Amino acid sequence: MSRIEQRVESPEELHRPGRWIALSVLVLAVLLVAIDATVLGLATPFLTEDLEPTGTQLLWIGDVYSFVIAGLLVSMGSLGDRIGRKKLLLCGATAFGAVSVLNAYAHTPEMMILARALLGVAGATLMPSTLALIRNLFHDPRERSLAIGIWGAMASAGAAVGPVVGGLLLEHFWWGSVFLINLPVMAVLVVVGAKMIPESRNPAPGPWDLASVALSFVGMIGVVYAIKELAAHGPGWENIAAGIGGLLALCWFVRRQLTLPAPLLDMRLFHHRGFSGAVLADLLTILGLSGLVFFLSQFLQLVQGRGPLEAGLAELPAAVGAVVAGLIAGRAARRFSVRSVVAGGLAAIGLALAAVTLIHKETAYPLLGAVLLVVGVGAGFAFTVTSDVILSSVPKEQAGSAGAVSETAYELGAALGIALLGSIVTGVYQKFDTPHGVPPGPAAAAHESLGGAVEAAHGLPAPQGKALVSAAQESFVEGLGFAAGVGAAVLLATAVAAWFLLRGQKLEDGIVHQ
């Protein structure tokens with residue numbers, strides 16, 4: 001049976017001194033991760049030209065970061081509950097900055113994939129820690145809603161700052177410089193955070209179960225890898241075996257959590273309908289969005305011919321919309337209802353993605369800008385409110401685990417979205433007919449990726465090169481539109497599901513103990 005906590009907190013507990021300064025430091029970690037995710041999309045054409053990855057390697061470079069984070073978030077959230085969330089945050093930020101240097105100087109596709117994986121290990125320590133610390137800094141529900149809105153807004157600001165700063169760097173430096181911008185942010189976070197952020201942990205956490213850590217990691221990676229390979233290459237014994245192995249590991253993980261006195265993840269959290277509905281909404285929303293976002297920068301640069309800085313500025317409406325919506329989402333959810341704000345936000349994203357199916361090479365920017373603005377507003381409303389629901393649905397001692405579940409849904413959705421929707425784009429793209437007269441070598445390179453087609457065209461006579469790039473661009477846009485249609489269907493279905501799953505959920509609810 002669940003019950004609402006009745007303990008009355010003192011004014012000092014509700015309004016901890018210095019909490020807003022501590023929040024300003026915490027959101028630097030969010031900025032760090034968001035910038036890293038967005039600059040990669042802008043750097044992809046330059047990275048492709050320099051490292052010459054295959055189409056599959058390019059997808060791995062894009063999604064291995066999310067794969068590793070998804071596999072480790074639950075473990076890291078639980079670890080923070082045990083050893084201290086501040087300690088884990090500062091160690092993770094230091095490691096994130098150090099591994100960013102390895103990303104910047106990677107000189108082969110294999111090294112880049114490894115560096116992105118290591119960055120995922122470091123990144124897995126950051127996001128659950130920030131959400132958990134916010135849960136413990138802000139006990140007043142309305143202040144916490146605003147704090148979460150600021151947290152989400154800074155994530156969106158990172159999405160804005162990343163392309164603009166990345167574009168400036170790419171105009172003047174090599175692609176590796178986009179990773180080095182992590183270093184000053186990391187330095188400020190560590191130096192200021194060490195003094196301003198209060199430590200918090202679960203006072204009676206129990207031991208950290210290494211078997212559960214291994215099962216969650218193996219299970220998550222196995223399932224995600226199987227989906228990715230199935231979408232890219234069709235069924236095969238390797239991906240089927242990986243998928244079955246991953247599912248078995250996750251089932252074993254769940255059974256083990258139900259028997260442990262101090263589980264890595266308390267599965268009873270999912271008995272709360274609001275918690276489960278918010279997690280599902282986050283996962284499916286990111287799945288529908290991420291594949292589109294990953295390929296949008298390539299569309300702006302390689303199809304419409306924009307420079308990196310111009311492409312970064314072109315993506316600003318999404319970030320601006322998300323920032324504004326995130327800051328007012330809590331107030332809107334209290335005035336109307338949680339389910340109307342979340343479902344409405346998801347439906348808006350779905351309709352915007354449906355509009356993407358109509359774009360073509362010559363589509364004017366006002367339509368693209370309007371679509372991006374609607375996507376940003378919808379995401380700002382939905383993600384801020386679902387994050388608030390997830391955190392307020394659990395005792396503060398389990399804030400790390402709850403934050404980890406929230407971020408796992410986000411990162412798993414991103415990995416699956418890039419794998420599934422990205423594979424749709426790639427699959428449609430590779431079917432274009434090679435123009436007459438193009439030699440087999442350049443033709444093969446062109447069919448690997450759009451960046452490969454642009455690079456291959458440089459070594460061909462002008463008429464053949466132009467014909468090859470034009471055919472590749474048309475095929476890429478066709479694949480992008482098809483993937484956007486699939487994403488729109490996912491988002492609209494998720495909006496309907498959220499309307500029912502979040503019925504009766506309110507942000508003013510007390511802390512629920514399961």
Side-chain angles (χ1 to χ4, degrees), residues 60 63-83 85 88 91-92 95 114 117-129 131-132 201-202 204-230 237-272 275-276 279-280 282-283 286-287 390 394 397-416 419 514:
W60 273 109
D63 60 26
V64 70
Y65 173 73
S66 294
F67 282 5
V68 174
I69 285 187
L72 288 177
L73 273 170
V74 169
S75 300
M76 292 301 182
S78 179
L79 181 62
D81 288 343
R82 286 162 168 76
I83 69 171
R85 293 144 190 158
L88 186 65
C91 291
L114 174 62
L118 292 175
L119 200 66
V121 175
T125 67
L126 298 179
M127 301 302 282
S129 299
L131 271 176
R201 59 170 59 87
N202 189 335
W208 200 51
D209 185 53
L210 292 178
S212 296
V213 173
L215 287 172
S216 66
F217 183 78
V218 171
M220 198 72 71
I221 294 298
V223 169
V224 174
Y225 174 81
I227 293 174
K228 176 188 181 304
E229 290 299 301
L230 181 65
W237 71 268
E238 287 186 354
N239 53 46
I240 292 176
I244 293 174
L247 288 173
L248 290 175
L250 289 178
C251 289
W252 190 359
F253 172 81
V254 172
R255 288 177 60 87
R256 186 173 180 85
Q257 303 317 294
L258 294 173
T259 60
L260 289 174
L264 195 72
L265 175 63
D266 188 353
M267 302 307 298
R268 293 174 297 175
L269 296 176
F270 291 93
H271 293 170
H272 189 282
F275 182 91
S276 299
V279 170
L280 180 64
D282 280 358
L283 188 150
I286 288 297
L287 189 153
I390 289 169
V394 303
E397 290 79 12
Q398 294 179 299
S401 295
V405 171
S406 174
E407 292 304 320
T408 298
Y410 185 97
E411 295 297 341
L412 181 58
L416 291 174
Q514 300 294 344

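Being a predicted model, the structure only gives us computed values, none of them experimental.
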Shortest non-hydrogen separation from A124 to L72 and the atoms involved: CB-CB, 3.8 Å
Minimum heavy-atom distance P263-L260, with the two atoms named: CD-O, 3.6 Å
Residues in side-chain contact (heavy atoms from CB on, under 4.5 Å) contact with A241, at least two apart in sequence or another chain: none
Point-to-point distance, once rounded to the nearest 0.5 Å, from CG of L280 to CZ of F270: 10.5 Å
Partners meeting side-chain contact (heavy atoms from CB on, under 4.5 Å) with I83 (sequence neighbours left out): L79, K87, L88
Residues which pass side-chain contact (heavy atoms from CB on, under 4.5 Å) with A249, listed by chain and number, not counting sequence neighbours: L215, V218
Minimum heavy-atom distance between M220 and L250, given as atom pair plus value: N-CD2, 3.9 Å
Gap between atom CZ of F217 and atom OG of S212 - 0.5 Å precision: 15.0 Å
Minimum heavy-atom distance I390-F275, with the two atoms named: CG2-CE1, 3.5 Å
Pairwise distance CD(Q257) to OG(S216) - rounded to 0.5 angstrom: 8.0 Å
